[in-house]
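Below, each value reflects all heavy atoms present in this structure, side chains not excepted, and no hydrogens, waters or symmetry copies. All of these numbers come straight from a predicted model, not from anything done at the bench.
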Amino acid sequence: MVRRIEVSGAGGVRLAAWEFTDPPKAGAGREGARGPGVLLLHGLLGRAAHWAETARWLSTRHRAVALDQRGHGRSEKPAEGPFDRSTYVDDAEAAVEQLGLAPVTLIGHAMGALTAWQLAARRPDLVRALVICDMRASALGAASQREWAEWFRSWPVPFATLADVRKWFGEDDPTLERPNPPRGDFFAEVMAERSDGWRPAFSCRQMLKIRDTWVHDAHWEELALVECPTLVVRGLDGQLGRAEAQEMVRVLPRGEYAEVVDAGHLVHYDQPDGWRRAVEPFLASVLPV
């Protein structure tokens with residue numbers, strides 16, 4: 001089961017959250033059925049629906065909520081933002097407080113992971129535990145931003161069908177080293193049908209603007225301020241290298257490390273079973289049942 005919840009983010013921006021629930025067991029009270037709160041934060045270009053499989057196995061023991069961050073999914077896409085880091089952290093903080101999730105476990109992928117550890121550093125009272133999935137703490141630099149702009153320009157939009165979306169992002173994208181069908185499925189989730197075909201449900205201009213707020217800076221100092229137990233997860237072929245991931249674990253006061261074989265950047269999409277095997281034991285060690 002899934003239900004949509006409205007959240008008021010920073011500046012009153014409307015955010016959509018999605019709560020995934022299993023029917024309560026016989027004899028369980030309302031709070032017992034809900035369990036401890038988990039907030040799932042997607043990465044740039046993503047949406048809450050990308051967490052559906054993770055949220056469903058989480059929901060057997062925990063209250064699992066996924067947030068469409070501003071500019072993404074069914075949340076508001078303000079033309080001029082703001083899209084700075086502080087605003088994204090404010091949005092996540094508002095979701096935790098308005099939905100009564102604290103003390104929350106934050107699970108974030110890429111940009112969502114950065115938002116998660118920045119919130120954990122700012123509000124340790126709200127955060128019980130943290131999972132960082134394939135997000136670097138080092139600055140990526142201007143060259144990375146130019147590469148993204150060129151990549152957006154290479155998209156052959158509009159796509160005639162969703163099958164064409166899956167094929168291009170899963171097979172034909174020149175940035176791919178080898179075919180990756182789950183990546184095609186990931187991007188099919190963020191397309192919307194228009195009169196001329198299928199186009200991104202987000203603004204590529206906004207995505208570059210959002211990304212520009214973090215790629216030029218390193219985020220090690222905030223990482224060191226995270227007091228709660230934290231698991232750093234990387235895909236073996238992802239964007240976060242092993243050496244940097246292990247250094248992140250060293251910098252974290254209570255850091256742990258896991259990697260998922262045969263996974264790229266989209267760890268939870270590429271290898272959902274491996275992702276679960278990496279994350280579930282950590283959650284069992286830090287969350288009450």
Side-chain angles (χ1 to χ4, degrees), residues 4-20 36-52 54-55 58 62-78 81-137 202 206-207 209-211 213-215 217 219 221-223 225-233 252 268 279 283 286-287:
R4 178 174 169 174
I5 313 166
E6 293 288 322
V7 174
S8 180
V13 166
R14 179 189 52 77
L15 304 174
W18 308 85
E19 182 170 3
F20 295 79
V38 178
L39 182 66
L40 299 129
L41 298 170
H42 62 75
L44 190 72
L45 314 186
R47 62 181 303 177
H50 285 143
W51 288 116
T54 296
L58 281 171
H62 312 294
R63 184 185 176 200
V65 178
L67 181 69
D68 275 336
Q69 296 178 82
R70 65 173 57 209
H72 298 76
R74 295 296 182 90
S75 288
E76 194 173 344
K77 303 172 177 63
F83 297 116
D84 58 277
R85 283 283 82 218
S86 181
T87 298
Y88 274 89
V89 177
D90 288 344
D91 286 346
E93 183 178 345
V96 170
E97 293 186 324
Q98 291 173 34
L99 299 178
L101 296 174
V104 70
T105 291
L106 300 173
I107 300 179
H109 174 246
M111 177 192 76
L114 178 58
T115 300
W117 89 58
Q118 288 177 328
L119 176 56
R122 180 201 286 182
R123 291 290 309 273
D125 58 306
L126 290 184
V127 183
R128 186 199 305 270
L130 173 64
V131 177
I132 295 170
C133 180
D134 217 64
M135 179 61 190
R136 299 182 61 185
F202 48 76
Q206 283 189 350
M207 296 301 106
K209 188 173 181 179
I210 293 165
R211 194 172 186 272
T213 66
W214 87 73
V215 297
D217 301 312
H219 307 283
E221 291 183 5
E222 290 160 304
L223 195 69
L225 295 174
V226 175
E227 300 174 359
C228 63
T230 302
L231 179 67
V232 177
V233 184
L252 284 158
H268 54 300
V279 173
L283 296 182
V286 298
L287 297 183

Legend entry - Separation between CD of E97 and OG of S8, rounded to the nearest 0.5 Å: 12.0 Å
Legend entry - Heavy-atom closest contact (Q206 atom, G71 atom, distance): OE1-CA, 4.2 Å
Legend entry - Close side-chain approach of H219 to D217, heavy-atom, < 4.5 Å: yes
Inset, instruction - Check V7 against A95 and note the closest heavy-atom contact, atom names and distance. - result: CG1-CA, 3.8 Å
Inset, instruction - Any pair with a residue in residues 101-123 that passes ring-ring contact (aromatic ring centres under 6.0 Å, His included), sequence neighbours left out, goes on the list, sorted by first then second residue, please. - result: H109-H265, H109-H268
Inset, instruction - Hey, could you give me the CG/CZ distance between D134 and R136, rounded to the nearest 0.5 Å? - result: 10.0 Å
Legend entry - Nearest-0.5 Å distance, SG of residue C228 to CG of residue L126: 11.0 Å
Legend entry - E227 CD: over 12 foreign heavy atoms closer than 6.0 Å: no
Inset, instruction - Kindly determine whether V65 and V104 satisfy side-chain contact (heavy atoms from CB on, under 4.5 Å), including the steps that lead there. - result: CA-CA 10 Å; V65 178; V104 70; over 6 Å; no
Inset, instruction - Starting from the C-alpha separation in whole Å, work towards a yes-or-no answer on side-chain contact (heavy atoms from CB on, under 4.5 Å) for Q69 and L15. - result: CA-CA 7 Å; Q69 296 178 82; L15 304 174; over 6 Å; no
Legend entry - Least distance between heavy atoms, S75 atom then A16 atom: OG-N, 2.8 Å
Legend entry - Mutual orientation of the aromatic rings belonging to F202 and H72 [parallel < 30°, tilted 30-60°, perpendicular > 60°]: tilted
Inset, instruction - Compare every heavy atom of A66 with every heavy atom of F20, then report the nearest pair and how far apart it is. - result: CE1-CB, 4.2 Å
Legend entry - More than 12 heavy atoms from other groups under 6.0 Å of CD on E6: yes
Legend entry - Check: R70 and P82 side chains under 4.5 Å, non-hydrogen atoms: yes
Legend entry - Non-hydrogen atoms of A113 and C133 that approach each other most closely: CB-N, 4.0 Å
Inset, instruction - Start with the C-alpha gap between L58 and I107, add the side-chain angles, then the distance that decides, and say whether side-chain contact (heavy atoms from CB on, under 4.5 Å) holds. - result: CA-CA 11 Å; L58 281 171; I107 300 179; 4.0 Å; yes
Inset, instruction - Flag the pair D90 and R122 as a salt bridge only when some basic side-chain nitrogen lies within less than 4.0 angstrom of an acidic carboxylate oxygen. - result: yes
Legend entry - Nearest heavy-atom neighbours spanning M207 and L45: CG-CD2, 3.4 Å
Inset, instruction - Please answer whether the main-chain N or O of K209 pairs with a side-chain N or O of T213 as donor and acceptor at a distance below 3.5 Å. - result: no
Legend entry - With sequence neighbours excluded, residues passing ring-ring contact (aromatic ring centres under 6.0 Å, His included) with H50: F186, Y269
Inset, instruction - Using atom types as modelled and distance alone, determine if a side-chain donor or acceptor of D91 lies under 3.5 Å from a backbone N or O of A10. - result: yes
Inset, instruction - Before giving the answer on side-chain contact (heavy atoms from CB on, under 4.5 Å), spell out for Q118 and Y88 the whole-Å C-alpha distance, their side-chain angles and the decisive distance to 0.1 Å. - result: CA-CA 9 Å; Q118 288 177 328; Y88 274 89; over 6 Å; no
Legend entry - Side chain to side chain, V38 and P36, heavy atoms closer than 4.5 Å: no
Inset, instruction - Keeping the roles fixed (side chain from R63, backbone from E19), state whether a donor-acceptor pair exists under 3.5 Å. - result: no
Legend entry - side-chain contact (heavy atoms from CB on, under 4.5 Å) partner of L223, chosen from L114, V232, I132, T230: I132
Legend entry - Salt bridge E222-R85, side-chain N to carboxylate O under 4.0 Å: no
Inset, instruction - Using atom types as modelled and distance alone, determine if a side-chain donor or acceptor of T105 lies under 3.5 Å from a backbone N or O of R128. - result: no
Inset, instruction - First locate atom CG of L231, then atom CG of L283, and finally report the distance between them rounded to the nearest 0.5 Å. - result: 8.0 Å
Inset, instruction - Starting at CG of L287, measure out to NE2 of H62 and round the result to the nearest 0.5 Å. - result: 5.0 Å
Legend entry - W214 side, atom CH2; M135 side, atom CE - distance, nearest 0.5 Å: 5.5 Å
